[in-house]
Structure formats: C-alpha cells, structure tokens
There are 2 protein chains.
Amino acid sequence: MDSETYWHLKNFNLLQALSDEELKRLQDMVNTDWIRRKDPVYLPGDPTEWVYFLKKGLVKLSMTAESGKSATVALLKPGEVFGELSQDESQRSSMEAITLKNSYLCRISRTGFNDFARRNKDLILSVNKLLGLRLRKIETAVYDMLFLDVPSRLAKLLYQLSLSDSIEIKNGRLITMPLTHQELGNLVGATREMVTNVLGRMEVEGLIGKDGRKLIIRDIRRLEAMSHGKGFQA
Amino acid sequence: MDSETYWHLKNFNLLQALSDEELKRLQDMVNTDWIRRKDPVYLPGDPTEWVYFLKKGLVKLSMTAESGKSATVALLKPGEVFGELSQDESQRSSMEAITLKNSYLCRISRTGFNDFARRNKDLILSVNKLLGLRLRKIETAVYDMLFLDVPSRLAKLLYQLSLSDSIEIKNGRLITMPLTHQELGNLVGATREMVTNVLGRMEVEGLIGKDGRKLIIRDIRRLEAMSHGKGFQA
DNA sequence: CTGGAATTGTAAACCAGTTCACAGAAGTTC
DNA sequence: GAACTTCTGTGAACTGGTTTACAATTCCAG
C-alpha cells in the first residue's frame, strides 16, 4: 500500500489496546472499500456479517419505515466503528448505513472479529465500553424525544454540532457538517418544514445566522439554555 | 441462610459461564436486600455504584422528566440484572428503579464486579451479549415510538404481555402482570386517558376483554397484526 | 360491609406538529 | 450562463394525541 492510503488500525480507539503484533494479525483479516457519496454500506434487512471501521468520509446511520419516513441515529466520522459488535448472533440489520461523502472504510467479518476478540481480553473490554457508550447515547435520545419539544431538540443538536463540527469565524461559529433541513429533521425527529420554521425563529431571535446555506451559531449560551427547557417560552 | 431464601447466583444467565469456585468468590461480595413494594432501588441522579440481581419480585425501570411525566423502560423479572454494567466509569443514573412488588435483590459493588469480570473473559463476553441485547431492545423501542401510533404500540405491548405474562383461560389468555392504565401508558409513551380510550375500542372490536380490572387477550392474531400497521385502519 | 383511596370512563377544548401545495432561492451540470 | 435539480420558505388545513375536569367503578383496609 502507498503511504497516502496506508492506514493504521491503531488510530481506532477500539483497537488501542492491541499490540503491534496483534494489529498485524487483524490487518490480514481486513478488506478496504471505497464507497461513493450517497451509496449504501448496508441496508435494512441485510445480514449483519461485517464490522466496519470508517477511515475517511462520513456515514449516516438511520432507521426507515416502509412509509418512507426515516430517522437518523448517528453521523459517523473517521475513527468510528459501526455494524453489529456484540457476540449475540443476531439476525439482520434494522438500520441502513449510507455515506454522505465519498468514504474509505475497512471491513472485517463479524465472526472473524469475534473469534479474534475472544482471545483478547482488553479488546473485549473495549467493546464493552463502546456498547455502554452507545447505550447511554440512545437512552438520552429516547429521553429527548419523549420529554423535549422540537425547538429544544433542535437547539440541542445545534449546540452539539457547534462543539463537534464547527469552525470559529468572526461573530460566531460556522457549522461545517453539511446538513440539509431534511437531514436536521431526521436527526431530531421532525419534519423538514418544522425545521425550516424553527430555524427561522431562531434567526429572528439572534441565536443563529446563515451564510448562504450554511448555519452560523451566534449565541451558543442561549441555545444551550433552550435545549433544556421548553423551546421558545413565549 | 435457610433453604427458602438461599439463592444460587447460578440461576442468573449472566453468570452461567462461571465455575462453582468463581461463583463462591462472587458470593462473598454480595449483599442481599429486601425492598418493599413501591419503594425505590435507586433514583435518578444517584451514583451508579451497584449492579443488581433481581431474585424475587418485580422492578420497574423508568425515566422521569422534571415535569413529572415518566416513561417506563423495562419491567424486570426474577433472574434479570440491572444497573450500569459496562466498564465505562459513567457518572450518575438517569433512570429510576422502583419495585412493583416486594422484592429480594442482590447487590454487588460495580467496581468490585468489574474487577472480578476483568479476570473472567467469559463473564465479560456475557456482559457484552447482554449489552447487545439491551441495545437492540431500545433500538426497536425507538423505532416503535417514531413510526407507530399509540393503538399499534399498545397492541404490540399486549401481544408481548400475552406471550410472557399470561395464563390460559377459557376463551383467551389472562394477563397476570399487574398494570394500571397509567402504567401501560408509561410503557408505550401515551397518556392514561389515551390508553383507556384505545382499550375501550379494542374491547368493542373483540380483541380483548376484561375480568374486573384484569385484561384478557381474546384475539392475539389480530392484535399482532395491528401492532405492525396503522392502528385501527378505519 | 362500609368509607375512602385508587383506578377507570368520558367528552370537550386545545395544541404541537404534520400534511399539502406551491413559490422562490441556491447550487450543479453541460 | 441556461436549464435543471435540489433545497428553503411559507401558510392554510388538518390530526393524533394531550389537557382538563368530573363522574362512575373497583378495590382494599379496618
């Protein structure tokens, strides 16, 4: 492999615990794929036979109903691992994974990975930790869906995006993650129209601004506050 | 301990992998508690310092908002394990665990349990499997909340209760789990009134019946069908 | 078996968010 | 830079579910 695309499994948190020798062994089990923007990695109903390591790009993990409605569960960035990790020999995927940018990812067979992990206490512990994190994340997502209204949920999302995916600009922070209103809606469980509407109000209130189609966070404090209480309270 | 209350850790799925010797060692780390019906095991905000094994009784795990609204995440029966299991040194509990019947449970310090598990590959693997199951369960809960209406969610719940907590009677199955309309509502994410209303319609349709305050499942087939599609479709 | 507490039943008013139906703006492609 | 596609903006009509307020029933303790 050339040095441009040469990839260290080492860069994945999950694998941090492995020795160089073990990494080499694992490396032999790995396939690397390139997937074009908007193409699927896997679809609902596919067997869960691979574990994926995202090397470069952006992947959206979402649930879809037959009605066509869909909800985004996670946006995965380089270094993140997805696919069914637990030992449990579960049937088929309920989710769909689609790239939002051209992406490089590595793929290990689930059974292969599990056999490998079985011989590596530290790796099992890492998997354990990761599952715990995922669990807590989805639990708070449930909490938010049940107890917060759409403006609060959107405020929270923008707050988080501003921490994880933005750059400092004059008078605010520019969100770099390329998300349409539709995709924001899928992330907070609301319609595209509702998102447009709420963002409009937020702009009037001076909480956010926009540069063409990109969002600018203007008052992160108030956004953060809003993400707890009841939306716009008047 | 007398033979009535003597308890084999062995009966817990999670611990199946342990040898008798290991079980003995674990047993020394265990406290047994008796908790009165309706009393809490822990509350939101409590530190997550224990892992619990429910020996006898019934425990409700739920999330509550400051508004007082609450959602039930799980009903735990003897043999089930709860509390924060993953290695991740997470802060405080977001959930509340309350007994619905007088209950016996065993309690192991989380750090103790984790140290113990760290030396037991098979145990960690079991924990992983359990976390995987929990994850899948909550994922389908999210799916249901997002894509199914209240009648469908309730139908699904009744269907499941009829599989797991009912006894055969003449002309149907009697649900043995003691749940009020309020509690059914908390389980499906709806108000008490909505539950009363939907159950009423289900009774008219001949899907269910009631014996005093207890529910009887009359047509499990149609309930099951209903749990997929759009509630009452006319 | 009786009095009070908890649960169920009911219906009208209300509301957050969806649906529908377009119009305008911003990017993209050739 | 024209033609197209994708995305944003907007408002009216609608709807599933909540809220509120009470009445009726069931349960349980003494």
Side-chain angles (χ1 to χ4, degrees), chain A residues 36-38 65 67-71 98 100-102 144-155 158 175 177-204 208-216 226 229-234, chain B residues 37-38 65 67-71 100-102 144-155 158 175 177-204 208-216 226 229-234:
Chain A
R36 181 155 54 288
R37 178 179 132 87
K38 301 225 165 183
S67 71
K69 271 190 233 177
S70 111
I98 296 195
L100 294 182
K101 296 181 182 169
N102 293 338
D144 292 349
M145 284 297 302
L146 287 170
F147 301 131
L148 300 181
D149 60 12
V150 173
S152 303
R153 266 142 50 201
L154 196 48
L158 294 179
I175 304 276
M177 179 77 69
L179 297 169
T180 65
H181 290 186
Q182 181 62 64
E183 265 152 359
L184 292 170
N186 291 157
L187 280 161
V188 300
T191 57
R192 198 272 305 162
E193 292 85 341
M194 191 67 195
V195 170
T196 304
N197 175 321
V198 172
L199 289 180
R201 278 188 280 164
M202 284 178 172
E203 191 172 11
V204 172
I208 63 173
K210 54 192 70 140
D211 168 22
R213 213 160 252 178
K214 291 203 169 61
L215 284 175
I216 298 166
M226 191 167 166
K230 266 257 159 200
F232 302 91
Q233 45 248 43
Chain B
R37 179 178 133 88
K38 300 228 167 179
S67 72
K69 271 190 232 177
S70 111
L100 294 183
K101 295 181 184 169
N102 293 338
D144 292 349
M145 283 298 299
L146 287 170
F147 301 132
L148 300 179
D149 59 11
V150 173
S152 303
R153 271 150 37 208
L154 196 48
L158 294 179
I175 303 277
M177 179 75 70
L179 297 169
T180 64
H181 290 187
Q182 182 61 62
E183 264 152 358
L184 292 170
N186 291 158
L187 280 161
V188 300
T191 57
R192 197 274 303 165
E193 291 84 343
M194 191 68 196
V195 170
T196 304
N197 175 322
V198 172
L199 289 180
R201 278 188 280 165
M202 283 177 172
E203 191 172 12
V204 172
I208 63 173
K210 56 192 69 141
D211 169 21
R213 213 160 252 178
K214 291 206 168 58
L215 283 174
I216 298 165
M226 191 167 167
K230 267 259 158 198
F232 301 92
Q233 46 248 43

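In what follows, every chain begins at residue 1, and chains take the letters A, B, ... in the order their sequences are listed. This one's a predicted model, so the numbers in the text were calculated from it and none came from an experiment.
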N/O (side chain, A/Lys69) to phosphate O (OP1/OP2, C/dT19) under 4.0 Å: yes
When the distance from CG of B/Leu199 to P of C/dG9 is rounded to whole Å, what number comes out? 8 Å
Salt bridge (charged side-chain N to carboxylate O under 4.0 Å, His left out) filter on A/Glu193, not counting sequence neighbours, yields none
Of all residues at least two apart in sequence or in a different chain, which pass the side chain to side chain donor-acceptor pair (under 3.5 Å) check with B/Thr196? B/His181, B/Arg192
Please determine whether a side-chain nitrogen or oxygen atom of A/Lys210 lies at a distance below 4.0 Å from atom OP1 or OP2 of D/dG9. yes
What is the distance, to the nearest angstrom, from the CE atom on B/Met202 to the C1' atom on C/dG9? 17 Å
Can you tell me the distance, in whole Å, between the NZ atom of B/Lys38 and the C1' atom of C/dT7? 11 Å
Applying salt bridge (charged side-chain N to carboxylate O under 4.0 Å, His left out) to A/Asp149 and not counting sequence neighbours gives none
Hey, is the side chain of B/His181 poking within less than 4.0 Å of OP1 or OP2 on C/dG9, counting only N and O atoms? yes
When you measure only distances, ignoring hydrogens and angles, does the side chain of A/Glu193 come within 3.5 Å of the base of C/dC20 through a donor and an acceptor? yes
If the condition is side chain to side chain donor-acceptor pair (under 3.5 Å), which residues does B/Lys210 pass it with, not counting sequence neighbours? B/Glu203
Output the rounded distance in Å from CD (B/Gln182) to C1' (C/dA6). 12 Å
What is the distance, to the nearest angstrom, from the CG atom on B/Leu100 to the P atom on C/dT7? 11 Å
Nucleotide N/O of nucleotides 14-17 of chain C paired with protein N/O under 3.5 Å:
from   : atom 1 : to       : atom 2 : distance (Å)
C/dG17 : OP1    : A/Val150 : N      : 3.1

Whole angstrom value for the distance that separates P of C/dT18 from CZ of B/Phe147: 12 Å
Where along nucleotides 22-30 of chain D does protein come under 4.0 Å, by heavy atom, of base (B) or sugar-phosphate alone (S), with - for untouched nucleotides? ---BBS---
Categorize A/Thr196 for me: base, sugar-phosphate, or nothing, with a 4.0 angstrom heavy-atom threshold over every strand shown. base
When A/Arg201 is tested against each of A/Val204, A/Asn197, A/Leu199 for side chain to side chain contact (heavy atoms under 4.5 Å, CB included), which residue passes? A/Asn197
